[in-house]
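Down below is the structure, laid out as structure tokens.
Computed from heavy atoms alone, side chains included, the values below leave out hydrogens, waters and symmetry copies. Model, not experiment: these values are computed from the prediction. Protein chains get the first letters and strands the later ones, always in sequence-line order, with residue 1 at the start of each.
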There are 2 protein chains.
Amino acid sequence: MISQNEIIHDDCIKVLKTFSDNSFDLIFADPPYNLQLPKNKKLIRADGSEVIPVSDSWDKFESYEEYDIFTENWIKECQRILKPTGTIWIMGMYHNIFRVGKIMQDLGLWFLNDVIWVKIDAMPNFNGRRFTNNHETLIWAVKNKNCKNYTFNNEFLKQMNNGLQMKDTDWIFKICKGRERLKDGNGIKAHPTQKPLKLIQQVLLSASRKGDLVLDPFMGSGTTAIVAKALGRNWVGIEKEKKYVDLANMRIKKYTEQAR
Amino acid sequence: MISQNEIIHDDCIKVLKTFSDNSFDLIFADPPYNLQLPKNKKLIRADGSEVIPVSDSWDKFESYEEYDIFTENWIKECQRILKPTGTIWIMGMYHNIFRVGKIMQDLGLWFLNDVIWVKIDAMPNFNGRRFTNNHETLIWAVKNKNCKNYTFNNEFLKQMNNGLQMKDTDWIFKICKGRERLKDGNGIKAHPTQKPLKLIQQVLLSASRKGDLVLDPFMGSGTTAIVAKALGRNWVGIEKEKKYVDLANMRIKKYTEQAR
DNA sequence: GCAAGGCATGAATCTACAT
DNA sequence: GATGTAGATTCATGCCTTG
């Protein structure tokens, strides 16, 4: 029996392995994506010469291979513990989402959509050498190709969208700023990638029901827990870093007191 | 010497191998998406009419592996023949773009943006079991991590965008329908996936200059050639299917006559 | 000639259930 | 699993016909 509505403070993959097959109705994951160039790949100049990295910090960076192994391991476990009627959502940006998506497909997860979170208030690109990064991608998938009767609250979504079917590009939300953004004692953001409540809310409203069990393997600041609680879903969170476990627990406690 | 402003009728990879290193200023590619349509299932509209799917043989692959091998081979050649100051654009949807993206990264191509073409007029999801597919993704990349002085017409783009820096989500264009869409003798679409002129125009205006040499390895209906010609870029197209070579040549000829 | 309304159509991994 | 069948489901646009 999985103990619900708690954050488990431990390594993600280790914890996932303890859960039974087909246990969760919805999995929402916002995995890390601190990627750099792979160590083992050579960088070749136009004239054919090899680029030798100058910095010693080179080796400190993760390689693509390491990232892929980590990614495959945690997603494989998520696939195993996802109910056939459940769905999994995985978020990312261009640094990592393509690797994540291919690994998902290779594991047999079956894509329903790739949803674009269009950000409001995103930071501009200062040096004017690229387009402003103004979105993140959410891949929405079922356990395998044959899973058909997954939860999708079409009627509800239509009502929320002036009677029209919602599109994969209709996800327009502000980034998490201002009062919603958690700060530490010095007024600095307490978590680097805190997600807006409305984004997670849209996920749970789209693809879960009251009483469903929701898993977030990378709990971070606890946004998924807050939203799940508010919407009457049960939840389980996993978080490796003690300081974020504490942060999220504080936040959940505060929310619970306010909600009384 | 590459013979310019012509379509080469042959296998893509075979032709790419004949080009010299560092030859092209911009490569735009709209490769097969490997759509996996349900077997023997028809998609019927409420009025009884049938949706004509993309069922051409060029989009059929035996497996993900086969698709990956094909993909790696043509992208590897494109990387080789791309100038260090050039950029490559590759389009796709959720069926294929994640595989394409991972393969690009593994080859050492360095991402600048993933741009979202938000479609106007896309087909709804008939069964109400998913979100409407309303976008395609364009990955924009340089030859490798060290390529810095690639062409990006930031000032021009800002002028086109009311003085604001253009975002990766500002690409909102109609799909290719109506008069722009090429038809065969029976009034049926002549190419299953003809792209809108304005989309390709945006690509060339963003990342190329007059006189640049542009390559499209999957020429199809010839949209890239038309736009390149209109904008004063030189171009090379590759197309495997004779009927599309003829279609595109007809279109280019007609355009040239009109432009006189 | 003009306005109103009908009709065609778009890269689609578009269902649920019984046998 | 694979196959067959009943049944539920969808939106904007542009072109063309009709009045």
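- Within 4.0 Å of A:Lys158, counting heavy atoms only, lie sugar-phosphate atoms of the nucleic acid but no base atom.
- No contact: A:Lys145 has no heavy atom under 4.0 Å from any strand.
- Between the C1' atoms of D:dG14 and C:dA12, the separation comes to 22 Å (whole Å).
- Distances shown here put every side-chain N or O of B:Lys41 at or beyond 4.0 Å from the OP1 or OP2 atom of D:dG4.
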Worked verdict on A:Asp25 versus A:Lys83 for salt bridge (Lys or Arg N to Asp or Glu O under 4.0 Å):
CA-CA 6 Å; A:Asp25 296 292; A:Lys83 287 186 188 175; 3.0 Å; yes

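- Between B:Arg181 and C:dA11 there is a side-chain polar atom (N or O) within less than 4.0 angstrom of OP1 or OP2.
- Backbone-only contact: A:Lys148 has heavy atoms under 4.0 Å from sugar-phosphate atoms and none from a base.
- Here A:Asn154 lies in heavy-atom contact (under 4.0 Å) with sugar-phosphate atoms only.
- Residue A:Leu164 is in sugar-phosphate contact alone, with no base atom involved, counting any heavy-atom pair closer than 4.0 Å across all strands shown.
- Taking atom P in both D:dA8 and C:dA11, the straight-line distance is 29 Å, to the nearest Å.
- In this structure, the side chain of B:Gln194 engages the main chain of B:Leu182 through a donor-acceptor pair within 3.5 Å.
- Using a 4.0 Å heavy-atom criterion, one finds that B:Arg45 contacts the bases of the nucleic acid, with or without backbone contacts as well.
- Heavy atoms of B:Arg129 sit under 4.0 angstrom from primed sugar atoms or phosphate atoms, though from no base atom.
- Using a 4.0 Å heavy-atom distance criterion, B:Trp117 is classed as making no nucleic acid contact.
- Aromatic ring centres of A:Tyr150 and A:Trp110 lie farther apart than the 6.0 Å criterion allows.
- Contact annotation for B:Pro31: base contact, defined as any heavy-atom pair under 4.0 Å involving a base atom.
- B:Asn133 comes within 4.0 angstrom of sugar-phosphate atoms only, judged by non-hydrogen atoms across all strands, and of no base.
- Base engagement by B:Pro53 is indicated by at least one non-hydrogen atom pair under 4.0 Å involving a base atom.
- Residue contacts shown for A:Gln105 include a base, since a base heavy atom lies under 4.0 Å away.
- The separation of C:dC14 from D:dT3, taken at their P atoms, amounts to 15 Å, rounded to a whole angstrom.
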